[in-house]
Amino acid sequence: MQHTVTLIPGDGSGPEVIAAAKKVVEATGVNIQWEVAHAGAAMIEACGTPLPEETIASIRKNGVALKGPVTTPVGTGFRSVNVAMRKTFDLYANVRPAITYPGTLSRYDNVDIVVIRENTEDLYAGIEHMIGDVAAESIKLITRKGCERIIRYAFEYAKREGRKKVTAVHKANIMKCTDGLFLEVAKEIAKEYPEIQFDDSIVDAMCMRLVMNPEKYDVLVCPNLYGDIVSDLCAGLVGGLGLTPSANIGETGAIFEPIHGSAPDIAGQHKINPTAAILSAAMMLAHLGETEAAEKIRAAVSKVIHTGDVLTQDMGGSASTEEFADAVIAAL
Ligand code: NAD
């Protein structure tokens with residue numbers, strides 16, 4: 001079966017990791033027609049917007065995209081292309097697995113955590129303004145519907161993937177309305193899934209517990225901001241940003257991307273680790289029903305990292321992005 005997928009290289013180091021991931025997917029033999037589309041700062045000059053209509057139309061038509069990271073200016077300039085895409089397609093579930101691959105520089109050897117981050121609400125709704133020049137205000141918007149669908153997604157994910165426990169992460173002791181609503185809905189929905197253990201944790205304590213005993217955690221479901229932070233913490237537990245993939249899932253579309261940014265400090269140097277992008281592509285293949293190819297990629301990545309002969313610098317080696325991808329292809 002042929003699949004058509006929108007391919008967004010991104011900017012900075014994005015095109016390097018996306019080229020590597022594309023090559024690995026092609027080596028599995030899965031029949032994919034790539035439709036290349038662009039987003040990011042370079043598009044402003046060409047199209048007057050960082051997220052051109054053609055790119056939106058391509059994702060809408062194909063329903064699936066593999067995307068490289070896109071630079072977002074800090075403080076001023078255009079709003080995040082990523083946030084805009086997630087809002088445009090209502091990609092409410094951000095799925096971020098952090099799994100130990102023996103052979104990385106991680107200090108832990110048994111982490112297997114999936115962070116499920118709400119992707120459309122919370123402080124990321126961007127409802128903020130200046131109050132004169134003396135203060136600034138941001139509104140944390142959390143809806144019952146938003147809580148229900150992300151928490152249900154987390155439980156359904158746990159059920160489907162054979163996972164045992166869901167932990168809701170919040171700060172309901174302080175934000176009694178917003179995070180209080182998230183926790184209340186989590187407790188309600190947990191009752192519908194008696195076969196899955198449920199507990200909850202305040203976000204600060206969660207961070208400490210993750211560093212001390214990550215093996216005790218399974219699926220974490222978080223409002224947007226905590227999910228962003230906690231998933232980077234989990235990436236640190238398994239060896240860094242170069243290793244962690246993600247999926248942004250909605251009812252009508254899905255965008256797969258590494259969780260790391262555009263890494264401008266190493267762009268063009270052929271030393272960025274493409275593992276996160278390759279594993280994002282594996283998540284994409286699983287979503288397309290190509291589970292065998294997805295598993296083959298994961299096994300090949302695991303083998304290359306475990307063997308340890310061809311590793312990028314962040315994993316303690318000296319291989320280039322392309323050499324690592326070629327080693328994965330050889331191991332397929
Ligand atoms: P970053 O993830 O780009 O980089 C942080 C550090 O980790 C850098 O030193 C970088 O070299 C290193 N690093 C990241 N990925 C790596 C990899 N695969 N292999 C080896 N080293 C890696 O974070 P940042 O510097 O805070 O952000 C840069 C830009 O990316 C910003 O404009 C930010 O807004 C954007 N960003 C985009 C996305 C996205 O498109 N989904 C996500 C996060 C950040």
Side-chain angles (χ1 to χ4, degrees), residues 7-21 24 37-44 50-51 55 59 65-89 91 94-96 98 101 104-106 115 117 119 124 126 224-225 227-236 238-249 254-281 283 301 304-305 310-325 328:
L7 188 73
I8 303 168
D11 54 35
S13 301
E16 293 165 60
V17 293
I18 290 300
V24 171
H38 295 282
M43 288 296 98
I44 297 184
L51 182 55
T55 302
I59 302 171
L66 179 63
K67 172 185 164 294
V70 173
T71 307
T72 306
V74 175
T76 55
F78 63 84
R79 297 273 297 276
S80 164
V81 166
N82 304 306
V83 174
M85 278 185 188
R86 290 165 195 169
K87 276 191 172 174
T88 304
F89 298 104
L91 304 172
N94 192 345
V95 182
R96 298 181 158 199
Y101 283 98
T104 62
L105 297 178
S106 165
V115 178
R117 164 190 173 191
N119 222 7
Y124 280 68
N224 207 336
L225 179 62
D228 195 8
I229 298 167
V230 167
S231 59
D232 269 30
L233 188 154
C234 290
V238 299
L241 288 171
L243 292 153
T244 35
S246 80
N248 299 280
I249 309 274
I255 300 180
F256 299 82
E257 60 180 342
I259 77 166
H260 61 76
S262 55
D265 52 336
I266 53 172
Q269 296 175 31
H270 305 279
K271 62 184 187 192
I272 187 154
N273 182 356
T275 302
I278 293 170
L279 293 174
S280 301
M283 289 178 85
V301 165
V304 172
I305 294 176
V310 187
L311 299 177
T312 48
Q313 276 180 27
D314 60 307
M315 295 192 281
S318 58
S320 69
T321 309
E322 294 75 17
E323 284 164 347
F324 180 85
V328 172

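Whatever order the structure lists them in is the order used to number ligands and atoms, beginning at 1.
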Q: Distance under 4.0 Å to a non-hydrogen atom of N82: what atoms of ligand 1 satisfy this?
A: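 This gives 37 (C), 38 (C), 39 (C), 40 (O), 41 (N) as the contact atoms.
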Q: For residues V310 and A319, report the shortest heavy-atom separation together with the two atoms involved.
A: CG1-CB, 3.6 Å
Q: Below 3.5 Å, N or O to N or O, backbone or side chain included: is there any such pair between R86 and ligand 1?
A: no
Q: With heavy atoms of T72 as the reference, note each atom of ligand 1 found under 4.0 Å away.
A: 31 (C), 32 (O), 34 (O)
Q: Could you tell me whether a side-chain N or O of S231 sits under 3.5 Å from a main-chain N or O of G227, the two making a donor and an acceptor?
A: yes
Q: Heavy-atom contacts under 4.0 Å between I259 and ligand 1: side chain, backbone, both, or neither?
A: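 Backbone only.
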Q: Answer side chain, backbone, both or neither: which part of L241 comes under 4.0 Å from ligand 1, heavy atoms only.
A: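 Just the side chain.
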Q: Under a 4.0 Å heavy-atom limit, does N273 contact ligand 1 with its side chain, its backbone, both, or neither?
A: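 The answer is both.
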Q: List the atom of S246, the atom of I259, and the distance in Å for their closest heavy-atom pair.
A: CB-CG2, 3.5 Å
Q: Contact between P264 and ligand 1, counting heavy atoms under 4.0 Å?
A: yes
Q: If you take the nearest heavy atom of each of M85, Q269, H260, which one is closest to atom 15 (N) of ligand 1?
A: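 It is H260 whose heavy atom sits nearest to atom 15 (N) of ligand 1.
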Q: What's the shortest heavy-atom distance between F324 and P274, and which atoms?
A: CD2-CG, 3.6 Å
Q: Go through ligand 1 atom by atom and flag the ones less than 4.0 Å from a non-hydrogen atom of V70.
A: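 Going through ligand 1 atom by atom, the ones under 4.0 Å from V70 are 35 (C), 36 (N), 37 (C), 39 (C), 40 (O).
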Q: Does I266, backbone or side chain, put an N or O under 3.5 Å from an N or O of ligand 1?
A: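 No - when backbone and side-chain N and O of I266 are compared with those of ligand 1, no distance drops under 3.5 Å.
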Q: Looking only at N/O atoms, are G261 and ligand 1 under 3.5 Å apart anywhere?
A: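 Yes, at least one N or O pair falls under 3.5 Å.
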Q: Find the distance between OG1 (T244) and CG (N273) and round it off to the nearest 0.5 Å.
A: 9.5 Å
Q: Return the set of residues passing side chain to side chain donor-acceptor pair (under 3.5 Å) with Q269 (not counting sequence neighbours), or none when no residue passes.
A: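 K271.
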Q: Can you tell me how far apart CD1 (I255) and OG1 (T88) are? Round to the nearest 0.5 Å.
A: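 One finds 8.5 Å between CD1 of I255 and OG1 of T88.
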Q: Measuring from atom CG of L91 to atom CD1 of I59, what distance do you get when rounded to the nearest 0.5 angstrom?
A: 8.5 Å
Q: Using distance alone, decide if ligand 1 has a nitrogen or oxygen within less than 3.5 Å of any nitrogen or oxygen in T71.
A: no
Q: Would K271 count as being in polar contact with ligand 1, using the rule that some N or O on each side must be under 3.5 angstrom apart?
A: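 Checking ligand 1 against K271, no N or O pair falls under 3.5 Å apart.
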Q: Check for me whether Q313 has a heavy atom closer than 4.0 Å to any atom of ligand 1.
A: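 Per 4.0 Å heavy-atom rule, Q313 does not contact ligand 1.
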Q: In terms of atom number and element, which parts of ligand 1 are under 4.0 angstrom from non-hydrogen atoms of G242?
A: 17 (C), 18 (N)
Q: Please round to the nearest 0.5 Å and tell me the distance separating atom CD1 of I8 and atom CZ of F256.
A: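 So the CD1 of I8 and the CZ of F256 are separated by 12.5 Å.
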Q: S320 and T312: which non-hydrogen atoms are nearest, and at how many Å?
A: O-CG2, 4.0 Å
